[in-house]
Every structure is written in C-alpha cells, then in structure tokens.
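To start, the structure itself, in structure tokens.
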Amino acid sequence: LLITTVLISIVMFINGCSDVPNAIATCISTRSVRPRVGIILALISNTLGLVLMTYISSNVAKSVYNLVNFGGDSSTSLVTLCCALVGISILCFIALKFGIPSSQSHALIAGISGAAIALMGNFSAINFNEWKKVLYGLIII
C-alpha cells in the first residue's frame, strides 16, 4: 500500500509539472501577467480545483475505480496497479521531458485498462458502461 501511495504521488507530481506550464503559458507569453504571478495563480487554481472536486463530486473517482476489474486476488491486483502506475509515470515523464503534449488523465485510464486486460487475459476486465462515460466526456469536452 505504501508503494502504491508513493507511485500515485509520483503520477500526481508529474501531472502538476505538466499542468502548470499549460495553464499559464498563454498569459505569460502575451505578457498579461509576470511569470511569478502566473505560477502563483496556477498553484492556487490547481489546489483549489483539486480540493473543490474532491468535496463536490466523487463521480469521476467512482468512474475510474469502476473502469476495470483486476480480479479477485488483491495482492496480484495491487502489483498490477503498481505496474500500471510505473508505466504511466515513465510515459508522462518522457512526454514532459521532451515537451510532448500529453494527458495524464488519459494515460491513467489507458494504463489501468491495459494492465487489467493483461492481468485477466481478455477484455472481460473492462467495464464498458464506465468506458462509455469516458468516451462521452472526450466527445463533449
């Protein structure tokens, strides 16, 4: 559980490192705000967004939780989840390092889904009703 928590923290840290530049690039490049002010605004906004989404709505978290089925063996499921988180971290770090636009949310969904498929050996690990919600979100947003 400690390893899983550390890996999730790494994914979230990399997510923050890529979100801040995306959030403030336009306002800094147009010189509407100074870089220090932009960074502070991004920090405050990302923190408030996380806190508000945590308290207001847990639907997104429930959808991600219900997206896949890792099977009944909790230790194997935990190892599989850790492998997915390592893969997500590596992918996102490489994208960040080379300036490749990426979405950690999409990487998380794809990584968890791929890990579940690999563990179960087929697509029965995927909850397609939850995947529909993800796809609707992609189309609408």
Side-chain angles (χ1 to χ4, degrees), residues 1-30 32-141:
L1 188 58
L2 177 65
I3 293 170
T4 306
T5 304
V6 168
L7 289 171
I8 289 171
S9 298
I10 290 169
V11 170
M12 297 313 298
F13 178 77
I14 295 171
N15 184 37
C17 288
S18 66
D19 276 353
V20 170
N22 293 335
I24 64 173
T26 303
C27 61
I28 290 176
S29 67
T30 59
S32 59
V33 297
R34 294 187 312 270
R36 180 179 294 265
V37 173
I39 291 170
I40 291 170
L41 285 172
L43 174 68
I44 292 169
S45 298
N46 281 340
T47 304
L48 282 175
L50 175 66
V51 170
L52 290 174
M53 284 304 294
T54 301
Y55 287 109
I56 292 174
S57 174
S58 61
N59 290 336
V60 173
K62 286 179 186 174
S63 288
V64 172
Y65 177 79
N66 292 324
L67 199 60
V68 298
N69 177 14
F70 282 118
D73 183 17
S74 61
S75 63
T76 304
S77 298
L78 196 56
V79 170
T80 305
L81 178 61
C82 287
C83 291
L85 292 171
V86 167
I88 294 162
S89 298
I90 291 169
L91 170 74
C92 295
F93 178 75
I94 290 170
L96 180 64
K97 173 103 173 115
F98 291 104
I100 301 168
S102 67
S103 168
Q104 281 69 29
S105 304
H106 293 94
L108 177 67
I109 291 167
I112 291 173
S113 298
I117 292 168
L119 176 65
M120 300 299 281
N122 56 40
F123 284 92
S124 68
I126 302 297
N127 181 348
F128 288 103
N129 288 328
E130 294 299 323
W131 256 98
K132 284 187 215 175
K133 295 176 187 177
V134 171
L135 295 175
Y136 291 151
L138 288 172
I139 293 168
I140 293 170
I141 295 173

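Counting begins at 1 with the first residue of the sequence.
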Exercise for review: Taking side chain to side chain contact (heavy atoms under 4.5 Å, CB included) as the test, write out the residues that go with T30, two or more places apart.
Suggested key: T26, S32

Point to revise | Distance (rounded to the nearest 0.5 Å) between I44 CD1 and I39 CD1 | key: 12.0 Å

Practice item. May I ask you to decide if A115's main-chain N or O and T80's side chain share a donor-acceptor pair within less than 3.5 Å? Key: no

Review point. Restricting to pairs with a member in residues 107-131, which pass salt bridge (charged side-chain N to carboxylate O under 4.0 Å, His left out), not counting sequence neighbours?
Key: E130-K133

Practice item. Only one of I112, L119, L81 passes side chain to side chain contact (heavy atoms under 4.5 Å, CB included) with V68; say which it is. Key: I112

Review point. At their closest point, which heavy atom of F123 faces which heavy atom of F128, and how far apart are they?
Key: O-CE1, 3.9 Å

Only distances under 3.5 Å count here; give the side-chain donor-acceptor pairs of residues 83-101 to other protein atoms, sequence neighbours excluded, each with its distance to 0.1 Å.
residue	atom	partner	partner atom	Å
S89	OG	L85	O	2.8

Point to revise | Summary of side-chain hydrogen bond (donor to acceptor under 3.5 Å, both in side chains) pairs that have at least one residue in residues 1-11, sequence neighbours excluded | key: none

Review point. side-chain hydrogen bond (donor to acceptor under 3.5 Å, both in side chains) with T47: which residues, sequence neighbours excluded?
Key: none

Exercise for review: State, to 0.1 Å, how close I24 and G38 come at their nearest heavy-atom pair, and which atoms those are.
Suggested key: CG2-O, 3.0 Å

Exercise for review: Give a yes or no on this: more than 12 heavy atoms of other residues, nucleotides or ligands lie within 6.0 Å of atom CD1 of I40.
Suggested key: yes

Point to revise | Close side-chain approach of L67 to N127, heavy-atom, < 4.5 Å | key: no

Check your understanding: Does the side chain of W131 come within less than 4.5 Å of I109's, by heavy atoms?
Key -> yes

Exercise for review: Kindly write out the residues that satisfy side-chain hydrogen bond (donor to acceptor under 3.5 Å, both in side chains) with N69, not counting sequence neighbours, or none if the list is empty.
Suggested key: none

